[in-house]
Asks: 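My questions all concern the structure below.
Letters go in sequence order (proteins before strands), and every chain restarts at 1.
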Amino acid sequence: MSAHINHVVVVLQQVSLEEVPAKKLRLTKPSKSAALHIDLCKATSPTDALQYLLSFARRPVEAESVEGVVRILLEHYYKESDNSVRLKIASLLGLLSKTQGFAPDCIVDDAINTLNNEKSHQVLAQLLGTLLIIGTQLPDKIAVVQRLIDVACKHLSSTYFGVRNKCLQLLGCLGTVDKPLSKETDAGPGAQTSHVRDVQSVISDYFQDQDPRVRTAAIKAMLQLHERGMKIQQTIYNQACKLLSDDYEQVRSAAVQMVWVLSQLYPESIVPIPSSNEEIRLVDDSFGKICHMVSDGSWVVRVQAAKLLGSMHQVSPHFLEQTLDKKLMSDLRRKRTAHERAKELYASGEFSSGRRWADDAPKEKVDTSGVNLIDSGACGAFVHGLEDEMYEVRISAVEALCSLAQSSPSFAEKCLDFLVDMFNDEIEEVRLQSIHVLRQISTHITLREDQLDTVLAVLEDSSRDIREALHELLCYTNVSTKDLAVPVCSSLSSIPRCSTPDPGAADYIAVLVLVFNAAKSCPTMPALFSDHTFRHYAYLRDSLSHLVPHLRLPGRKQTASSGLEASGVGSGSLESAQNFLQDSLVRVSALQNLETPGAQDLLEFTIRDLLRLGELQTELAGSADFCATYLHCQLLLTKALQEKLWTMAVPLCLKQNAKVSTAARQILDETYKLEFLYSGLETQQIATIHNIRLQAKALQLILTARSKPGVDRVLGACEKFLQDVESFQRLFMTELPHFQDSFVEKLLELMPRLTTCKPLDLVKILQTTLRQSGFIHLKLPEQIHRASATIIEPTGESDNPLKFTTGLVVALDIDATLEHVQDPQTSVKVQVLYPDGQSHIIHPKPGDFRTPGPGRVRLITQVYLSHSAWTEACQIEVRLLLAYSSSSSKQSASKPAWNESMGGLPTSESCIESTIHLSKPVKVFIMPKPARR
Amino acid sequence: MIHYFNTLKVFTFVLHPWLVCKLTDMHPSILLNVCMCCFAGAGQDVGRSCILVSIGGKNIMLDCGMHMGYNDDRRFPDFSYITQNGRLTEFLDCVIISHFHLDHCGALPYMSEMVGYDGPIYMTHPTKAICPILLEDFRKITVDKKGETNFFTSQMIKDCMKKVVPLNLHQTVQVDEELEIKAYYAGHVLGAAMVQIKVGSESVVYTGDYNMTPDRHLGAAWIDKCRPDLLISESTYATTIRDSKRCRERDFLKKVHETVERGGKVLIPVFALGRAQELCILLETFWERMNLKAPIYFSTGLTEKANHYYKLFITWTNQKIRKTFVQRNMFEFKHIKAFDRSYADNPGPMVVFATPGMLHAGQSLLIFKKWAGNEKNMVIMPGYCVQGTVGHKILNGQKKLEMEGRATVIIGTLDVKLQVEYMSFSAHADAKGIMQLIRMAEPRNMLLVHGEAKKMEFLKDKIEQEFSISCYMPANGETTSIVTNPSVPVDISLNLLKREMALGGPLPDAKRPRTMHGTLIMKDNSLRLVSPEQALKELGLSEHQLRFTCRVQLHDPHSDNDTLGRIYTHLKSVLKTYSIQHVPDGTVIVESIVIKVTSSAEEPNLKVILLSWSYQDEELGSFLSTLLKKGLPS
């Protein structure tokens, strides 16, 4: 690199030892470490020292000077007699060793040494915590890790719970199961091989520790081992099960997880049932045990148990179905549940006989010995969970039901009753969740008429989310009988037939969709329709074609048959469209040199074709748009390179410059769109996009060099460009073979030369490379979706200005649908553009995003507007933006180890944070009035 | 006279019961191990709860309820059981009321004012607020309506309430130096509590009525793993396992809805407080959702007062109400209005909540009489009905009722044509709920009250079988004694401990008992373990030694001295690890045992060996004597 920053490594030990450090200090950058040393020496009391340390901790330390700082801290550590100061130093050591770019191997020895003389338990625990941090920084250094494990084992016998906790944590984070602990840990030279034990058995010893915190730490350490991919032995299963009845909530909570992990590891192994000779599969046994925890005394444990149940898919159906089973009795007589009664009623075909309630009279006598009041197995776990006092537990239970039902249709059928019951829950979130869940398992279930009653009653719910979720559900639901027409048609008549944009209309449409879907399988139904129903059918078939099926309506045979044909053609056309897309790409890739005459025309036509294709074939819109945009970039680049300006003398080309720089700017914008607006991209495509972005950047660099003579500016730009090239190489190492003859490849070949040459030479090289390099042909990934958003509300059609008093705020309701947006909570913003050019970007709350269906997100939020007084009403523009940051594409930005901001340190990579327009702007008429005095 | 000091084995300072039993004769303050329960009312009977518990020398009355089915003296517990004559204050340390239902607090003014009790009465804040309203209402019905005399007055209720000390949930209240109580949430009704009573290391938990499934306005009962010596649980629904509450709610709403749709009237007899509020919330939300217009009435003036308290004690309700009361307090009803007597004759559908809940008197009975003749109407009994009440009769399918006027004169019969429905909305724990609570608390013994004997029998078997703890179900007036295993704290002198340490051995492990020697001194209500020397000093006694002596005859031709020498070598070879000395004056000393040899005057060959050992070396001494009896090896 040409402009390499010469870091002056501070030799701190010298600084601290030398008598006259002034001279040395002048050479170094003003170093914190030196300041710290002086501060600490000045400190007269422990409180002072603590203050210095605290203020020191607020600012970051450069990776280069960490070691020196550590030495200073250690020196003070040994001198310090106050526990709290030593504790703070210990914690600082941990923080420091997390510094980016610092390898903590060099301080391992010192850190371990500090342990030997430490008397205070708290400081000891903190030191072990520091070792843990160091250890996690150096997972590959086996010798270091082994030493740390030995240290941990040595201190495991401490009487202070905190020390034991940290030791267990260390073992969990660093220990390996397959290798036995070295003999040094044991009593001495006489240690037998039988004493050599692996980490797992050491940790499991502490399952019986007398301190609940240590027990928890032991289980957590074991879980940590598991998370790190170590194979946990089945032997601890019984111990873990015993801990399920621990007195302490946190122990039980961890134990539930432990049992669950084991059930996932050894689902098929056989365990005996205590007090009988029978044996069952481990997964069934643990399922029963976790089910038991659903009625635990602590709701935290209950939530956890209910959640975990959802992921136990291997459990046998027999056990699974027990979870919904609760043997009822009344006065020792067997009673049927309301669900059973409803089912029988339905099966018998009668539903409005006068006395339908006498049938819950208790039936046969129950054999008293046969009644099991404490459920040994999974009995009724979900019945309990769904009835729980805390809605958190109920929601988890509903989610677990969903997940289990998705993998077992028979269970789905059984849990239907319970889910429908949840529609009457008192908490809205629970109702909403159960509606969502019902939609997710809709393929497995068929609603009975009595259940439909309950479901339809929800249409009158006062919550908009619930009504909308229900519409979504009704779109997917199968109903069991043709008699459905009766309740549904009656609800039709009860709903106002108006098309004003009130919720009623949406309800009405939902009902119609339901009716039409039912009518598909019930040919007699259309006869019941009234005139307006037919009219609405035509409209809905058009507007909501994905929800409304084709119907053979009386007198409308023609449309029906043509519709059928159309759908037949439709599936065929998709294939042909795909072929067309491929063909176009192949055709374009055949172009070797875009400078050949006619090549550009072909490119232009292809782009046009692709755009049109995207409009026609919604399934391929994403891919087509993507290709078109990419080709457009190529086209722009080619055109820019063909400009005459390259042959012109520098002073003459100012005018042309404008054109080319716009092109470069445009290509850059387009590449960001390509990278962030489309989902489903593979690394290769991203690399391709980066390649063309580099080309655009090179173009910009050349332009800068030409238009603004002056080495200083160009120097910085070159530096930056080279960094970009380097980061490309880092990110897409694996993809490089695909980039033969490309701009990037050529650049990388020339890299050694580039780093050493002068900026102007570099520009010249770039110019030639740019012109010589060919294009990379796009390989289309399987599935590309373009993120899009539509603002439904405000509609932008209102003529009535939104009036408010200046200085105050007015809330504007925004309702928008987002499709194929990844991680909308963080990336989608609302932009408000005032007529005076002011623009505000508002981040909606995460809770404002709802997911009514897969791939779709609904944003319902409020933005607050305010402005100084206007003389007349004016329009503001509201639109959605997609925020991105160029560094976030591949690596997640590494978080600084220090809590406080990184100060003025430059981040290693130049990342660009910006936004892409996601939706069309909507105009809103507003009128801020001056405040009346 | 021989004196010696009793050396006791104390296992990690916990005395074992056999020891305590012996000690009780000597020292009254250690009478801790028996915890007694007497039943003035609650045993095997639903209707009036009154339990006396004697724990660690403290007597506590749990609940003081009345029986709804009786109109004479039998309705109150028999307090003469406790004291023949005179006030109760000397006999009771405190009274605890679990919740405001009359079968748990109805006899309170009678007990405190008419029988006489001035000690503290504990109840939770909501109970304290609501209880007097109910008592006053009850008094009005009995005295003003039925014209009974010899009943408590309004002033007595007020005086009684002055003796009440309010409790907070999970607050440990020190009744006196030894007795402490702590309340847990019990569901059931607003302010219902379970109480843990603790004296020293012994404890009893009384559940009162509780509910393990949450409902529309209250949460579920909860207790921590307090491992009481005894858990006294109600068992109203000992033989029932209920369906999910959601089905119950749906059924209830459907029944009401259908009746209202066909123009019928629905009567729901309720106790003024408790279930009524739950059902009100249920109907209110349903009415709002379904946009129904039929009026809902609540029959007594009590409602406003009661709802007021429900609004106040939001912290005692369930999660939903607690969370949403800022927007809208769920107890501010929009659809439910106050009832006027004249409304009962209005045409058209209506829903009326009326008190009392068992149809035995008051407004609900009046309305019932009016509506019973029409089959379009419906009465929904949402709770348990005690035997003898009209509610109980119609639930058992009785179609003709004999109606009593004043002073129990039968004035005619009533045909019951309306539909009678029973919806178990009673907020008691069902069999599973009871088992769940036992699992939560892990008691050592179990005692069932407040239920019918037959049903309790079933549950008792189940409890014994599932938890293998003993379970009791005493009848009314019966006393149950439960042996507990209390730990008795003993002060140990530091010197003794240090001496123990000096003897070596591993450091004490908190979980393992260890044997040590010492002297237990019981003096001035305190127990101390000290070294024997110190005990001697303190008590001003001189030390006496206990020695055993024994003669062993032995045929040995040698001289006395030689014989002794031979014994010495013999013992030396047998007892290798002991210190054996041959003292020149003609004795052999093994530890503290002295051996001397004399020959008898008549036969020089017959030697008499004299052995003498102290009490502490009893074992070794008897071993030596048997060894020497066998003779010496030649």
Asks: Any chance the side chains of Q319(B) and E392(A) put a donor and an acceptor closer than 3.5 Å?
Replies: yes
Asks: Between Y184(B) and T207(B), does any side-chain donor sit less than 3.5 Å from a side-chain acceptor?
Replies: no
Asks: Which answer fits D425(A), side chain, backbone, both or neither, if we ask what part of it has an atom under 4.5 Å from a heavy atom of chain B?
Replies: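 Contact with chain B: backbone and side chain both.
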Asks: If I compare all heavy atoms of A305(A) with all of V256(A), which pair ends up nearest, and what's the gap?
Replies: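 Smallest interatomic distance, heavy atoms only, reads CA-CG1, 4.1 Å.
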Asks: Name the member of R216(B), K323(B), M440(B) that forms the most heavy-atom pairs with chain A at distances under 4.5 Å.
Replies: R216(B)
Asks: Can you give me the closest heavy-atom contact between A220(B) and Y185(B), atom names plus distance?
Replies: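 That would be O-CD2, 3.4 Å.
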Asks: R227(B) versus chain A, heavy atoms under 4.5 Å apart: side chain, backbone, both or neither?
Replies: side chain
